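Read through the structure below, which is laid out as structure tokens, and then see the notes.
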Amino acid sequence: MPQNDTLNEIMALVIGRQLGKSIDALENYLLTHPRQADMDALNSLRADYRLMADYWQRGFDDPQREAVYNQLLHRMYALTANIITNWQIADSSFLKALHLRPRKTRADWSMTSVRAQMEDFVGSLAMLQLNKDVQNSGSSSQQLHQHHWQLMNDLFDYIATSRQWRQQLADVFLDMLLSPTLSSNDQQMVISAITLSTLQVFCPQKFRVLAEVCRQSTDEHVRQRALVGWVLAACCSDATAWRLFPEVGDSIAAICQDEQTRNELAELQMQLIYCTEADSDTHTIQKEILPDIMNGSNIKVTRQGLVEMDEDTLDDILHPEAAEENMERMEKSMKRMVDMQRQGADIYFGGFSQMKRFPFFNQLSNWFVPFYSQHPDISQIWNNTRGKRFLKAITRLGAFCDSDKYSFVLAFNHVLDRLPQSMLKLIEEGEATAIPLGGEVAEEQQETPPFMRRLYLQDLYRFYRLFATRSEFFNPFEHTVFFSHPLLSVPALSSQMLGVARFLLKRRRYADAVSVLTNIPKEQQHDFQYYMMLGTALQHHPSPSHLSTMACYRLALELQPDNEKAQAALARSLFACQDYEEALDIYQTLLTQQPDHRSYQLNAAVCLIHLQRSDEALKMLFKLSYLYPDDLSVSRVLAWALTLNGKYEQADKLYSQLITTEEPLPADMLNYGYSLWLSGQIVNAISMFRQYISLQESAQASDADGQRRTEGQGKADIEKELMEGTEHELLLQHGITDTEIRLMLDAL
């Protein structure tokens, strides 16, 4: 979304409660961007500010001074926010057209008039359904829906480009959205328009409407859209305006007192993350699942189930097992896709993302309108007797979001006349059973809050990813981890935050897990699981502003001194910090409880090696090697211990085996090079180091950003090891001089 840096700086002054400076800065802006109405509003605000300041300078005691100052800040915020909205509209040809069209179309935008028209539609539709003769003619129904769609399309654009709302207007909308006399579809569209608008520029009154609808609505579809709306508007945007409005935080704290809503917030957080993984899910489906399904496409679906087609008779004779194998692979792939969908994956994004180029999706409101068959843009397609039954079945049974349902109907009409006659006949006669990829979803499940919310999020995700002029809108999917937002740092949500953090850790999103865990209020009594999860997250994403990994595990052990997982975690943390003495103590304690634990024995042996107690380490390692002869980790540590103990021939045998495995590790070649060097086999050591450099550069051909590493990076790595790493001291201790090290580097 385009930004005006000057206006952003002025808004920062307002939010920072620097009223005088913000007035001066906005005046300077308006002198170069004149608009009389804004200048008049600013002059009025400045006059009130000077009056208050004058009373203060004269020493008058005004108990309302704080309240007056806050009121002036709120006025200043509204004025600045409106100017930002005006700038956004003026800067974008799309937003400008969107703003002007409904205001030119309708002169009367009083909400009383609009509500009356919305209520008339509900009444007229009910009467039409009672009058079967008129209903069967179709023309009256089409006209009614066409006229009403035009109203709602205008209303959507009007709200989406609206400025800051006053309390009275917000109250009118709140009453409309809670009224049982209005269509649920209409209310859902209004909710989406409000969400879109307040994501552009935060509006406290629009937020209040969304929050109150979430708390009070009895229509679950409306309520779920409102829940998503206030969360995105308050917690998934860059806006910090909520700091000026304590009522925003109070409202969220009140909402979080309800256990059902708390659980829904946790579900919403996870669903948002699933949405952002749509690209990786699409890659999995296209590369791993769809090929198997396509290979089984010689299967015809009828009412009788799966029936083999007789097209490849010769192939069936030559390879009778192929059809059965294809069937098994197809069924496994279908089941895998069903499992992905049940877990929350957006399995249809990749396919339907190619179907958003119809003119239907040029209209902003159409991305958010709930699916209904009488939408003027699809009603004729839907009522076509050739495909009506098929369309009804697949849109009813599939887990398609509303946007994808519209896409499917439009695409179906586009290809209908191109289908083979045999297939077209099956569709017309209703013989073609509609089984959507991903499987059917029971209608009762489709009416559950998590399902409604998931599909609405998918609608939103498609809009922010695929809409032609999406760059004009703020994208909340770039700020998805809202559980780390200060507004949600409320005691009531602590349990849900732990659950979300656990979910993030499983997905290896360690930085996000840290941000969520540290957002739990400090006054909360943190439990054992909290410290264990935070320690794990910090281990992968250290943060200087928070506890260290080691500190977390120590705090966990204070709560449960004998917990084995906490002890092992602390030992690993100590090892990473090169505190081998204490790490060894813990591993030895663990071994008194589990003397045969392979990992504890191996880690203890490594600690002994670092403490230069290789004789003791060898005793443990020989035993492990005997018990687990095929364990490469044991062989690897034993080979290094033998090297340090001067037993180079034995080490040579182990290294020879390690470097001839299918996928040798670069570290094995490096350590083998050290072993050969220490044993005096300098030529062989040079050869091994060169192999290490080659393998290292091959394994690390690209860095995390996908950029090619510079040529010679592998040699630079080994140079750093030999001159600065722990191996430098090791070589010196074993009689290798600094000169010999430099000769080795030159030889490489």
Side-chain angles (χ1 to χ4, degrees), residues 505 508 510 527-542 547-647 650-651 654-655 657-658 665 667-668 670-671 674-675 721 725-727 729-730 733:
L505 287 174
R508 299 184 180 182
Y510 301 111
D527 61 9
F528 173 81
Q529 289 297 327
Y530 171 86
Y531 289 118
M532 288 297 292
M533 285 194 289
L534 182 57
T536 302
L538 289 170
Q539 182 177 343
H540 295 87
H541 184 78
L547 291 170
S548 68
T549 300
M550 199 182 305
C552 289
Y553 292 140
R554 291 192 190 280
L555 288 168
L557 281 169
E558 287 181 10
L559 296 172
Q560 294 187 23
D562 298 325
N563 188 280
E564 181 184 343
K565 288 185 178 179
Q567 289 177 314
L570 177 58
R572 287 194 301 271
S573 179
L574 289 163
F575 186 94
C577 295
Q578 299 183 4
D579 189 345
Y580 304 115
E581 193 75 52
E582 188 177 354
L584 177 61
D585 289 342
I586 296 176
Y587 281 125
Q588 288 176 336
T589 300
L590 290 169
L591 285 169
T592 60
Q593 303 166 11
Q594 296 194 53
D596 297 327
H597 197 290
R598 189 190 326 184
S599 177
Y600 296 160
Q601 293 181 73
L602 189 60
N603 290 338
V606 175
C607 288
L608 287 168
I609 291 172
H610 282 287
L611 293 170
Q612 299 182 4
R613 294 159 61 180
S614 55
D615 287 339
E616 297 175 61
L618 282 172
K619 292 179 182 179
M620 299 179 69
L621 291 168
F622 279 130
K623 177 183 176 182
L624 286 172
S625 180
Y626 175 77
L627 293 173
Y628 309 103
D630 298 325
D631 190 325
L632 296 181
S633 296
V634 173
S635 298
R636 192 167 286 119
V637 177
L638 176 58
W640 186 242
L642 289 167
T643 297
L644 296 180
N645 216 36
K647 299 179 180 180
Q650 292 175 269
L654 290 173
Y655 279 124
Q657 296 172 3
L658 289 169
L665 297 180
D668 291 333
L670 178 65
N671 291 338
Y674 287 131
S675 182
E721 283 287 328
T726 56
E727 280 73 14
E729 292 298 323
L730 172 68
Q733 291 171 8

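Values in this document were obtained by computation on a predicted structure and should not be read as measured data. In this chain, residues are counted from 1 in sequence order.
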Closest contact, heavy atoms only, Y655 versus T643: CE1-OG1, 3.7 Å

Which value, rounded to the nearest 0.5 Å, describes the distance between D631 atom CG and L624 atom CG? 8.0 Å

Just verifying a value: how many Å separate N645 CG and S614 OG, rounded to the nearest 0.5 Å? 4.0 Å

Taking all heavy atoms of S625 and all of V634, pick out the closest pair and write down the distance. N-CG1, 3.7 Å

Ignoring hydrogens and angles, tell me if any N or O in the side chain of S675 forms a donor-acceptor pair with the backbone of N671 under 3.5 Å. no

Checking the side chain of T536 only, and the main-chain atoms of M532 only, is there a donor and an acceptor separated by less than 3.5 Å? yes

Give the intermediate values and the outcome of side chain to side chain contact (heavy atoms under 4.5 Å, CB included) for residues L584 and R613. CA-CA 12 Å; L584 177 61; R613 294 159 61 180; 3.6 Å; yes

Minimal non-hydrogen separation, D596 against Y628, with atom names: O-OH, 4.0 Å

Pairs involving residues 554-567, ordered by first then second residue, that meet side chain to side chain donor-acceptor pair (under 3.5 Å) (sequence neighbours left out): R554-E582, Q560-N563, E564-Q594, E564-Y600

Would you mind reporting whether L644 and L730 have side-chain heavy atoms less than 4.5 Å apart? yes

Nearest heavy-atom pair of L538 and C552: which atoms, and what distance? CD1-SG, 3.8 Å

Once side-chain contact (heavy atoms from CB on, under 4.5 Å) is applied, do any residues pair with L632, and if so which ones, sequence neighbours excluded? R636, L658, T661

Quick one: does Y531's side chain have a donor or acceptor within less than 3.5 Å of a partner on A551's backbone? no

How long is the straight-line distance from CG of D668 back to CG of L654, given to the nearest 0.5 Å? 10.5 Å

Nearest heavy-atom contact between A604 and M620 is CB-CE, 3.9 Å

Output yes when a side-chain donor or acceptor of N603 lies under 3.5 Å from a complementary backbone atom of S599, and no otherwise. yes

Could I get the full list of ring pair (Phe, Tyr, Trp, His ring centres under 6.0 Å) partners for Y587, not counting sequence neighbours? none

What orientation do F575 and H610 show, parallel under 30°, tilted 30 to 60°, or perpendicular over 60°? perpendicular

Does the side chain of L590 reach to within under 4.5 Å of the side chain of H597, using non-hydrogen atoms? no

